[in-house]
Structure formats: structure tokens, C-alpha cells
*Asks:* 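Supplied in C-alpha cells, the structure appears directly below.
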Amino acid sequence: MSTEKRSNFGSKIGAILAVAGSAVGLGNIWRFPYETGNNGGAAFILIYLFCVFILGIPILIAEFTIGRSSRTNTAGAYRVLAPGTQWKWLGRMGVLAGFLILSYYSVVAGWTLQYAVNAATNSFANNTPEGFKQMFATFSSNPWQPVIWLIIFLLATHFVIVRGVENGIEKASKVMMPALFIIILLLVGCSVSLPGAIGGIEFLLKPDFSKVTGSVLLSAMGQAFFSLSIGMGCMCTYASYFSKETNLTRTAFNVAIIDVIVAVLAGFIIFPAAFSVGIQPDAGPSLIFITLPNVFQQAFSGIPVLGYLFSVMFYVLLAVAALTSTISLHEVVTAYLHEEFKLTRKRAATLVTGSCIVLGTFCSLSLGVTKGFAVFGLGLFDLFDYVTAKIMLPLGGLFIAIFAGWYLDKKRVKDEITNQGTLQSTLFNVIIFILKYIAPICIAFIFINELGILK
Ligand code: PHE
């Protein structure tokens with residue numbers, strides 16, 4: 001290992017905010033609502049909550065343990081903790097997942113920038129629900145416009161990554177996260193008071209378990225892992241920058257709770273609004289880009305200037321939430337190339353940014369000009385989403401649980417979780433039990449169940 005001093009997060013709260021910044025993003029505000037809509041509503045949310053609290057938090061703690069005790073990138077971590085074994089492939093799969101997610105995620109992140117501009121130039125005013133649908137369809141299938149935003153977004157990510165951990169990642173997270181939270185709360189208030197909003201509230205609160213199939217289970221698990229940024233070493237990489245004093249268990253709980261609250265609140269913005277203007281809840285990835293402009297326009301029809309201000313602020317903050325997530329994805333791959341292949345940090349980052357621009361462009365085009373071109377029935381954008389969230393992350397989570405539960409020395413895990421015995425560890429045995437038995441069994445069951453359905 002290199003002897004050069006590794007950078008760290010500068011403060012405890014900075015570390016928590018950076019981790020929360022990675023977790024909270026488009027996964028909560030864009031992906032959670034449309035997955036909820038596609039999978040029938042309240043029952044999906046309950047399964048998602050089970051996956052977050054029973055499977056997600058222990059796996060998050062396992063990733064923290066692996067990252068902080070090895071103090072290196074996610075692939076290097078297995079080299080340090082399990083030298084000479086095949087565990088390194090778990091780290092490498094994580095890096096690949098990070099790279100694929102970054103490519104298609106940046107496309108959506110780019111959309112948020114275009115919508116911030118739409119909001120700022122007042123193009124939501126006097127439009128109809130049908131008009132908003134059209135606006136999104138025309139924009140997202142345009143061959144060059146979304147690509148330009150994608151490039152701008154990746155360059156912004158690149159800029160923060162090159163400035164390093166403490167100056168870049170931490171500072172950006174500290175200011176923006178609280179601001180986003182406040183505006184989300186305001187929007188929930190607006191959305192639930194729209195006429196006809198009650199249908200959306202029922203959709204979120206009344207579970208219909210007859211709709212739960214194998215693919216609903218897999219979608220809920222995938223959403224939980226995606227939203228918590230687990231299963232691919234992202235949290236492992238961030239934990240390698242934690243200080244010795246960071247309380248891993250408490251950080252994991254705090255982040256999971258923040259992440260769930262933001263997702264559920266996003267549901268309470270989107271669905272009441274969708275029902276109010278008669279948009280189907282299963283409209284897919286376009287859902288928030290069609291319903292939200294309606295909220296801004298209708299909820300504030302009496303005071304248009306407020307609608308204008310909120311819409312601009314919302315999309316800017318959403319872009320920032322996406323940015324703190326793309327930074328964490330980029331960091332996984334950059335730290336890997338920098339530490340394992342001894343590239344300079346700058347060169348590693350440039351390589352990642354450049355290749356993601358190319359791959360992201362193909363993802364973007366797959367929603368427009370190359371729409372007919374499909375692999376396994378999915379366009380590139382949907383394929384990347386499916387393969388990462390529904391296969392690679394759960395599989396990664398399965399093996400991370402096995403690694404921390406069975407392979408790692410129990411004393412080592414305990415030392416990390418209790419900060420060398422200085423913290424109480426009432427939950428230690430529960431966490432280990434889940435990692436050893438519950439998580440592998442549940443994840444394997446959900447996979448096998450889904451395969452049976454596919455037959
Ligand atoms: N958790 C992020 C979100 O919800 C996405 C992400 C996934 C980030 C995996 C890092 C790793 O938007």
C-alpha cells in the first residue's frame with residue numbers, strides 16, 4: 001500500500017452528510033415514486049421498508065466495516081482483508097456497477113438541469129397536463145439536447161472529484177442537503193391540498209397484497225439497495241475516509257432514516273399530484289417530470305410568482321442531490337483506478353468522466369433515435385437500470401453479508417463496530433446474525449423466486 005497520507009472527511013457531521021448525500025438522490029425522488037407506481041403502491045412500500053431496515057442497515061454497517069478497516073478503495077479492500085482469495089471479484093463487480101449506474105444516472109441528472117432551465121424561463125406557465133407530457137417526450141427523445149446536459153453534469157461531478165474529498169464532497173453536501181429537505185416539505189403541503197389528491201394518498205397508504213409477485217419483491221429489494229447506495233462498495237469507499245471516532249452503527253441508522261423519509265415524502269408529492277391531474281401512477285421514468293410541473297402550476301395558480309420560485313429552487317436542489325450521488329459513484333471508480341493502477345487522481349478521474357460521457361450518450365440515445373435497438377427486450381438505459389439495481393446490487397449485498405458474517409474475523413468486525421471497545425455494542429449479535437443468516441437467505445429467496453416466475 002502507498003504510504004502517502006490518505007485524505008479524510010474533516011468532521012463527523014461532514015461524513016454523515018456526505019454519506020447521506022450519496023444515499024439521497026434521484027433514487028429517492030425520481031426512481032422510488034415510479035417503482036412504487038409500477039409495483040402497485042403501498043404493499044411495495046412495506047416490502048421496501050423491510051428491505052431497508054432488516055437487510056439494508058446491516059449490509060450498510062458491513063460495508064462501513066470493510067471500508068474503514070482496510071482504508072482503501074473497494075476492490076483494494078478485499079485484497080487487504082482477504083489476500084490471495086477470489087473475494088477481489090466482489091470489489092471489481094462493485095466498481096463495474098458504479099460505472100454503469102453513473103452512466104445512465106447522469107442522463108436523468110441532466111434532465112433535471114434542463115427542467116431547472118425550463119422553470120427559470122417560465123415555460124411551465126399556462127401549460128396543461130397533456131402539454132407537460134408532450135414536453136417531456138419531445139425533450140427526452142431529442143438526440144442532442146439531453147446529451148449536452150449529460151456532459152455538463154458529468155463535468156460538474158468531475159470538478160468536485162478532482163478537488164478531493166474534504167474540499168469538494170463534504171462542502172457541497174453540507175449546505176445543499178438541508179435546503180432540499182425544507183423545499184420537499186413545502187411541496188408535500190402543496191401537493192396534498194390539490195383537488196382529488198386523496199386518491200394518491202390512498203394509493204400510498206392502503207396496501208393490496210394480492211398484487212405482490214416475485215418481481216415486486218425483487219423491485220423492492222433493488223430499490224432499497226439502490227437508494228441506500230449499497231451492494232457495490234460505494235459506502236465501503238466512503239467509509240475508508242471515516243475517522244476512527246465515527247460511530248458506524250449510528251451513522252447507518254441515521255442515513256437509512258433520512259433516506260427513507262425523503263423517499264416517502266417524494267411519494268407524497270408525486271402521487272397526490274398525479275391523481276389530481278389524472279396521470280397514471282405507472283407512467284414510469286417520466287413520472288416526476290410530468291407531475292411536478294403540474295403541481296407548480298396548479299398549486300400556485302393564485303400566486304404564480306411563488307410557483308415560479310419553488311419550481312426553480314426544486315429542480316436546482318434536485319440536481320444538487322443528484323450531484324452528491326454522482327460524486328459518490330464517480331469516487332468508487334476513480335479511487336479504484338488511482339489506488340490499484342497508480343494513475344494520478346486527476347488522470348483516473350478524467351478516464352472515468354470520458355468513458356461515462358460515451359456510455360451515457362448511448363443510454364440517452366436509447367430513449368430516442370435508437371429506441372428500436374433492444375437487448376433482452378430492453379433499451380440500453382432500461383437495461384443498465386435493470387442489471388445494476390435488480391441484479392448486481394442485490395448480488396453484491398448477498399456476498400458482502402457473507403464476507404462480513406462468515407469470512408471476516410469476528411473480533412475484527414466487533415472492534416470496528418465498537419470503535420475498539422469504546423462504544424457499547426448491544427446490537428452487535430443481531431447484526432452478525434442478520435449478516436450470517438437472514439440477509440443471505442432473504443436475498444437468495446427473492447432471486448430464486450423471481451427466476452421461478454420467469455420460467
Ligand atoms: N443512492 C443514490 C440515489 O438514491 C444512487 C446511488 C446508487 C449512489 C448506488 C451510489 C451508489 O440516488
Side-chain angles (χ1 to χ4, degrees), residues 17-36 48 51-52 56-57 59-60 63-64 67 73-74 91 93-112 153-154 157 160-161 169 172-173 176-177 180-181 184 219-239 252 255-267 285 288 317-336 352 356 384-397 400:
L17 283 176
V19 171
S22 166
V24 175
L26 298 172
N28 307 62
I29 296 165
W30 163 72
R31 198 174 188 282
F32 174 81
Y34 88 74
E35 283 285 296
T36 303
Y48 152 83
C51 292
V52 169
I57 291 180
I59 293 175
L60 188 49
E63 280 201 32
F64 284 166
N73 69 88
T74 182
M93 181 177 81
V95 174
L96 178 64
F99 180 67
L100 297 180
I101 297 176
L102 182 58
S103 301
Y104 87 87
Y105 194 95
S106 302
V107 174
V108 185
W111 295 348
T112 67
F153 205 91
L154 277 166
T157 309
V160 180
I161 289 289
I169 302 180
S173 311
M176 304 297 187
M177 297 288 299
L180 179 72
F181 196 70
I184 285 179
S219 300
M221 176 164 73
Q223 175 59 28
F225 284 32
F226 185 89
S227 192
L228 289 173
S229 311
I230 56 174
M232 49 150 289
C234 185
M235 292 311 196
C236 181
T237 305
Y238 266 19
V255 168
I257 289 169
I258 297 174
D259 193 55
V260 162
I261 292 178
V262 175
V264 172
L265 287 178
I288 74 160
L317 289 172
L318 184 57
V320 175
L323 183 65
T324 53
S325 299
T326 53
I327 290 167
S328 71
L329 289 158
H330 201 300
E331 179 64 26
V332 172
V333 194
T334 301
Y336 168 70
V352 178
C356 279
F384 278 17
D385 181 75
Y386 191 96
V387 168
T388 54
K390 294 187 185 165
I391 299 175
M392 293 175 96
L393 300 191
L395 209 57
I400 288 167

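Order of appearance sets the numbers: ligands from 1, and atoms from 1 within every ligand. Computed from heavy atoms alone, side chains included, the values below leave out hydrogens, waters and symmetry copies. Nothing here was measured: the structure is a model prediction, and the numbers come from that model.
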*Asks:* Any side-chain heavy atom of Ile161 sitting closer than 4.5 Å to one from Val352?
*Replies:*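 They are not in side-chain contact.
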
*Asks:* Between Trp30 and Trp111, what is the ring plane arrangement, given parallel below 30°, perpendicular above 60°, and tilted in between?
*Replies:*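 Perpendicular: the ring planes of Trp30 and Trp111 meet at over 60°.
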
*Asks:* Suppose we screen for ring-ring contact (aromatic ring centres under 6.0 Å, His included). Which residues come up paired with Phe384, at least two apart in sequence or across chains?
*Replies:*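 Result, ring-ring contact (aromatic ring centres under 6.0 Å, His included) vs Phe384: none returned.
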
*Asks:* Who's touching ligand 1 if we go heavy atoms under 4.0 Å?
*Replies:*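 Residues Ser22, Ala23, Gly25, Leu26, Gly27, Asn28, Tyr105, Phe226, Ser227, Ser229, Met232, Cys234, Ser325, Ser328, Leu329 each place a heavy atom under 4.0 Å from ligand 1, listed by chain and number.
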
*Asks:* Is any side-chain heavy atom of Tyr336 less than 4.5 Å from a side-chain heavy atom of Thr237?
*Replies:*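 Tyr336 vs Thr237: side chains apart.
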
*Asks:* Go through the steps to decide whether Thr326 and His330 satisfy the test side-chain hydrogen bond (donor to acceptor under 3.5 Å, both in side chains), and finish with yes or no.
*Replies:* CA-CA 6 Å; Thr326 53; His330 201 300; over 6 Å; no

*Asks:* Looking at every heavy atom in both Ser106 and Leu154, which two are closest together, and how far apart are they?
*Replies:*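 Residues Ser106 and Leu154, closest heavy atoms: OG-CD2, 3.4 Å.
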
